[in-house]
> 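Take a look at the following structure, please.
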There are 2 protein chains.
Amino acid sequence: MSPEALTGPSARIAADLRSAILEGRLAPGAKLPPVRTLADQYGVSRNTAVKAIAQLRSEGLIVTKYGSGAYVRDEHPVRWLGPDRYARSRWATTTVEVRADDPSSDAAQIQGGQTQEVNRVDADERIAAALEIEVGAPVIERARVITRADVPTHTMTSYYRAEDVEDTPICDPRPGIAGRGGGFAILAERGLEPAEVTEELRARMPTPDEAELLELPPGEPVVELRRITRTANGRPIEYAVGVHAASRFGWRFTYPIPD
Amino acid sequence: MSPEALTGPSARIAADLRSAILEGRLAPGAKLPPVRTLADQYGVSRNTAVKAIAQLRSEGLIVTKYGSGAYVRDEHPVRWLGPDRYARSRWATTTVEVRADDPSSDAAQIQGGQTQEVNRVDADERIAAALEIEVGAPVIERARVITRADVPTHTMTSYYRAEDVEDTPICDPRPGIAGRGGGFAILAERGLEPAEVTEELRARMPTPDEAELLELPPGEPVVELRRITRTANGRPIEYAVGVHAASRFGWRFTYPIPD
DNA sequence: TAGTGGTCTAGACCACTTC
DNA sequence: AAGTGGTCTAGACCACTAA
């Protein structure tokens with residue numbers, strides 16, 4: 001109804017640049033004017049122009065390259081995630097093999113766009129509740145960072161009851177085991193065939209750690225995914241927590257109207 | 001592994017306050033020290049302390065009240081959304097009644113925590129694809145802002161084929177019709193019973209308009225939900241787009257592992 | 001080496017809240 | 001009236017990039 005409340009010159013500069021970007025006058029990848037130029041053009045101090053740029057960056061509209069310039073952010077192709085990514089056909093026939101290409105002693109390795117680290121830990125309250133075990137009971141934690149085209153897209157950390165996966169390739173710190181649902185295949189081999197999945201999604205801003213790990217531009221939210229996998233008789237076999245860069249993923253579900 | 005890279009005093013101040021909040025030493029609702037105090041304590045200029053506060057605000061950890069102070073943000077109770085919110089039992093028995101409490105001529109009214117506006121518009125590309133009609137075909141747009149305890153939580157805009165809902169209460173701009181799945185009930189009455197839903201979720205930062213409308217604190221992301229509702233034979237009857245404040249909602253889905 | 005982003009200082013003024 | 005957040009200025013220095 002009322003005209004936009006302009007709280008100051010920096011907001012004005014940000015608004016001008018924002019509409020230029022949203023209307024396509026500044027295309028993705030285009031370089032913005034240097035802050036010194038903006039300051040001159042608008043007759044403000046350099047600090048004020050810097051503030052406008054920082055605002056747009058926090059909105060995720062631009063990225064800044066130190067010493068180079070500010071650029072309109074490129075669009076990421078969105079990957080849509082749905083139930084089919086857990087389909088039996090994707091893991092039932094998976095050949096479980098460990099690629100012993102690098103006999104390094106380090107537990108964290110990189111291969112095929114996936115970092116992996118395996119640890120034996122005690123179940124905290126949340127893990128215990130999900131796996132329906134006692135707090136403090138031993139669990140196997142398998143933490144991964146998934147990369148695509150050299151850019152990290154999401155983390156995924158799985159927890160298993162220790163007795164379920166001990167002496168299986170899941171405990172092998174070398175990656176390659178679970179690249180494509182390998183974890184499910186191994187559980188099925190042990191007589192714990194996955195039959196049902198419950199997923200929870202929450203969006204939030206990343207912690208500084210997550211922002212660094214996932215190389216998130218400032219202003220990019222993340223989606224936290226929590227998943228419990230159960231057998232046909234309802235026994236939980238895996239609890240997993242993932243953090244996804246919001247701009248790179250969408251979720252899609254189709255289901256019948258319940259009664 | 002390595003110590004946190006401190007890019008400067010403002011980052012240091014922000015980090016100190018951040019851990020105080022996350023570790024609970026500063027409880028939700030607690031007042032932070034004034035920026036002038038922070039500047040003195042850390043021996044920096046006031047501007048630098050202000051910057052630290054602005055950073056925390058953009059992370060959604062604190063809210064600032066002009067002229068009063070900065071406060072640790074209160075937790076919102078999370079409302080979990082799942083397929084059951086569309087259950088037949090919630091709308092099949094709904095009595096469709098228009099509460100004609102205010103014969104105002106304005107199409108946008110407020111009642112029962114819901115603003116509503118109904119318009120007849122031409123289908124754009126996205127609407128047309130979702131409803132499987134021609135671009136430019138007439139559709140009924142029903143835009144709502146849903147409020148809970150006087151604070152707006154999300155928007156929801158539904159699109160229907162004009163011929164499906166013309167001369168039904170859906171086109172009545174007075175709210176109260178669709179408070180609890182009333183839209184589904186009306187469609188069912190016309191022989192278009194909802195049978196299947198497809199939902200798409202994306203998280204992103206809000207536009208300035210959305211931030212204002214939903215009264216979002218800086219740094220709060222939103223979740224955009226797109227929904228297509230179909231009859232048993234796959235005919236789309238409703239396309240809806242909603243924007244949810246991320247801190248107030250979570251999504252939960254349970255489904256069998258597909259083949 | 002020149003251009004550019006990032007951060008900081010010291011001081012100023014304004015707007016809003018609280019008392 | 002005092003306290004507090006928000007914004008701005010003018011100038012400085014540093015770190016990184018690109019030619």
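In this text, all values refer to a predicted model and were calculated from it rather than measured experimentally. Naming convention: chains lettered A, B, ... in sequence-line order (proteins, then strands); numbering from 1 in each chain.
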> C:dT17 P sits how many Å from B:K31 NZ, rounded?
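Spelled out: NZ on B:K31 to P on C:dT17 is 14 Å.
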
> Are B:S247 and A:R202 close enough, and set up right, to give a side-chain hydrogen bond (donor to acceptor under 3.5 Å, both in side chains), and what steps lead you there?
CA-CA 8 Å; B:S247 69; A:R202 294 279 328 260; 5.8 Å; no

> Taking side chain as C-beta onward, heavy atoms only, is B:V135 less than 4.5 Å from B:D124?
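No, side chains not in contact.
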
> Distance under 4.0 Å to a non-hydrogen atom of chain B counts as contact; along DNA chain D, which nucleotides mark the start and end?
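Answer, 5' to 3': D:dG3 to D:dT9.
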
> On DNA chain D, compare the nucleotides closest to A:S10 and A:K65; which residue's is nearer the 5' end?
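On the 5' side of the pair lies A:S10.
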
> Below 4.0 angstrom, which residues in residues 50-57 of chain B have at least one non-hydrogen atom near DNA chain C?
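Only B:K51 qualify.
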
> Salt bridge or not for A:E199 and A:R85, using N-O below 4.0 Å?
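A salt bridge links A:E199 with A:R85.
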
> Is it true that B:E59 and A:R204 make a salt bridge, defined as a side-chain N closer than 4.0 Å to a carboxylate O?
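So B:E59 does not pair with A:R204 through a salt bridge.
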
> Under a 4.0 Å threshold between the charged nitrogen and the carboxylate oxygen, would B:D16 count as salt-bridged to B:R12?
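B:D16 and B:R12: salt-bridged.
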
> Under a 4.5 Å cut-off applied to non-hydrogen side-chain atoms, are B:R227 and A:F253 in contact?
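Not touching, per the 4.5 Å side-chain cut-off.
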
> Hey, which sits more toward the 5' end of DNA chain D by its nearest nucleotide, A:R46 or A:S68?
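Comparing both residues, the 5'-ward one is A:R46.
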
> Once you round it to whole Å, what is the distance between P of C:dC16 and OH of B:Y71?
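Interatomic distance, OH of B:Y71 to P of C:dC16: 16 Å.
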
> Is any side-chain heavy atom of B:I62 closer than 4.5 Å to one of B:Y71?
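A side-chain contact is absent here, since even the closest heavy-atom pair is not under 4.5 Å.
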
> Salt-bridged, B:E220 to B:R248, with N to O below 4.0 Å?
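Looking at B:E220 and B:R248, the cut-off is not met.
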
